[in-house]
Every structure is written in structure tokens, then in C-alpha cells.
Amino acid sequence: MTATDLLLTDDDELAIVNGDWAFATDDAAIRQGIKIRLRFFQGEWELDLEIGIDYWNSVLIKNPSLIVVREIFRRALLSSPGVVEVVNLNVAYTKRTPRTVAVTWTVRGDVGQLIRGGIERSA
């Protein structure tokens, strides 16, 4: 499967190159899709309040269960288009204010390629 998506800049703006839309393809599109999925807070999109990561009730709380948090991210990775396996997943949690979770991952894409990335979210 060839993945394609509109390319986002590091500031999450649509990328325009030479006056035209730029596209993320293949591994870059899968990586971008994962980052979008993992950065999305549950309840943030009014058309479907169930999608997203439950950061407020499960992740960025005072004493989260890192087993539960890791499983939340593992499931989100596996539900991302183009991902067939989670090869490696690291979750680091900072308890000081603001509470922060950093997630790095390596997944196997649908044509066998390894795709690495990471995100950080704060309360």
C-alpha cells in the first residue's frame, strides 16, 4: 500500500512548495499519521468525542499506571493506517508540573519497513 497525505510542516501547517501543496508519501506519510493520532486529545474533535488519546483521564494524571499508558499508545500505534507491528515502544513520564509524557516508537510498516518517531505532550 502506498500511503499519501498532505505534508505538514514542523509547526503543523500545510506545506506549500513552489506554490503548490506538498505531499508526504510512504514512510513519511505513515510517520505523520502516527504523530497526528498520538497528539490528538480525546474529546478534542466535536464530531467524534471518542477519538484521540485519553490524556486527561489516563495519561497526564497524578499517578498514571504506566502499564495502562503503554497499552493506550500501543493500541493507537496498531490502529494507525500502514502499521502492522509495534517493534519498540518507550514511554517516559515526568511528574513535575507540567506533567509530560514522551513516547518514542519503532513500528513495522505494511511493506516490512521500520518506521521510527516520537512525540511529547504536556498537561
Side-chain angles (χ1 to χ4, degrees):
M1 173 182 127
T2 300
T4 303
D5 197 1
L6 289 169
L7 180 65
L8 299 177
T9 66
D10 292 337
D11 297 332
D12 295 328
E13 300 292 333
L14 290 173
I16 298 177
V17 176
N18 297 325
D20 204 358
W21 302 110
F23 292 90
T25 58
D26 301 324
D27 295 1
I30 294 170
R31 184 179 304 104
Q32 179 174 287
I34 291 170
K35 284 184 176 183
I36 291 168
R37 183 174 300 262
L38 296 187
R39 292 171 57 191
F40 207 84
F41 279 70
Q42 187 176 41
E44 187 174 14
W45 189 40
E46 65 185 44
L47 296 178
D48 188 345
L49 300 176
E50 296 301 313
I51 65 168
I53 302 292
D54 188 10
Y55 282 105
W56 296 127
N57 297 309
S58 299
V59 179
L60 297 174
I61 59 176
K62 187 174 184 179
N63 291 307
S65 165
L66 291 182
I67 293 170
V68 170
V69 170
R70 185 172 159 65
E71 182 62 16
I72 288 169
F73 285 108
R74 189 186 73 77
R75 286 182 184 178
L77 288 167
L78 286 173
S79 69
S80 297
V83 173
V84 296
E85 177 188 9
V86 176
V87 176
N88 190 14
L89 174 61
N90 293 307
V91 177
Y93 180 77
T94 303
K95 292 183 180 183
R96 68 180 179 276
T97 304
R99 292 185 185 108
T100 302
V101 64
V103 181
T104 57
W105 68 84
T106 302
V107 298
R108 187 169 314 283
D110 53 8
V111 293
Q113 74 278 34
L114 293 178
I115 302 166
R116 294 173 177 85
I119 60 123
E120 187 174 290
R121 296 304 279 170
S122 297

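Contacts of Trp45 classified as ring-ring contact (aromatic ring centres under 6.0 Å, His included), with partners at least two apart in sequence or in another chain: none. With sequence neighbours excluded, the residues forming a side-chain contact (heavy atoms from CB on, under 4.5 Å) with Thr104 are Asn90, listed by chain and number. Every residue two or more places apart in sequence or in another chain was checked for a side chain to side chain donor-acceptor pair (under 3.5 Å) with Arg31, and none qualifies.
In terms of heavy atoms, Ser79 sits closest to Ala76 at OG-O, 2.9 Å. The nearest pair of heavy atoms linking Arg39 to Glu44 is O-OE1, 4.5 Å.
Taking hydrophobic clusters as Ile, Leu, Val, Met, Phe, Trp and Tyr residues chained together by side-chain heavy-atom distances below 4.5 Å, Trp56 shares a cluster with Val68. Two different hydrophobic clusters hold Phe73 and Phe40 under the rule that ILVMFWY side chains link at heavy-atom gaps under 4.5 Å. By the criterion of side-chain heavy atoms lying less than 4.5 angstrom apart, applied directly or through intervening Ile, Leu, Val, Met, Phe, Trp or Tyr residues, Ile30 is not grouped with Val84; the two fall into different hydrophobic clusters. Cluster annotation: Val107 and Leu78 are assigned to the same hydrophobic cluster (Ile/Leu/Val/Met/Phe/Trp/Tyr, side-chain heavy-atom contacts under 4.5 Å, transitive).
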Kindly list each side-chain donor-acceptor pair under 3.5 angstrom involving residues 92-100, sequence neighbours excluded, with atom names and distances?
unit_1: Tyr93; atom_1: OH; unit_2: Ile61; atom_2: O; d: 2.2
unit_1: Thr100; atom_1: OG1; unit_2: Pro98; atom_2: O; d: 3.1
unit_1: Thr100; atom_1: OG1; unit_2: Ser122; atom_2: OG; d: 3.0

Could you give the side-chain donor-acceptor pairs of residues 113-120 under 3.5 Å, partners two or more places apart or in another chain?
unit_1: Gln113; atom_1: OE1; unit_2: Val111; atom_2: N; d: 3.1
unit_1: Gln113; atom_1: NE2; unit_2: Asp27; atom_2: OD1; d: 2.8

Would you give me the side-chain donor-acceptor pairs under 3.5 Å for residues 47-55, sequence neighbours excluded?
unit_1: Asp48; atom_1: OD1; unit_2: Glu50; atom_2: N; d: 3.1
unit_1: Asp54; atom_1: OD1; unit_2: Asn57; atom_2: N; d: 3.3
unit_1: Asp54; atom_1: OD1; unit_2: Asn57; atom_2: ND2; d: 3.2
unit_1: Asp54; atom_1: OD2; unit_2: Ser58; atom_2: OG; d: 3.2
unit_1: Tyr55; atom_1: OH; unit_2: Leu38; atom_2: O; d: 2.3

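In this structure, Arg70 contributes its side chain and Leu89 its backbone to a donor-acceptor pair below 3.5 Å.
Counting heavy atoms from C-beta on, the side chains of Glu71 and Ser65 never come closer than 4.5 Å.
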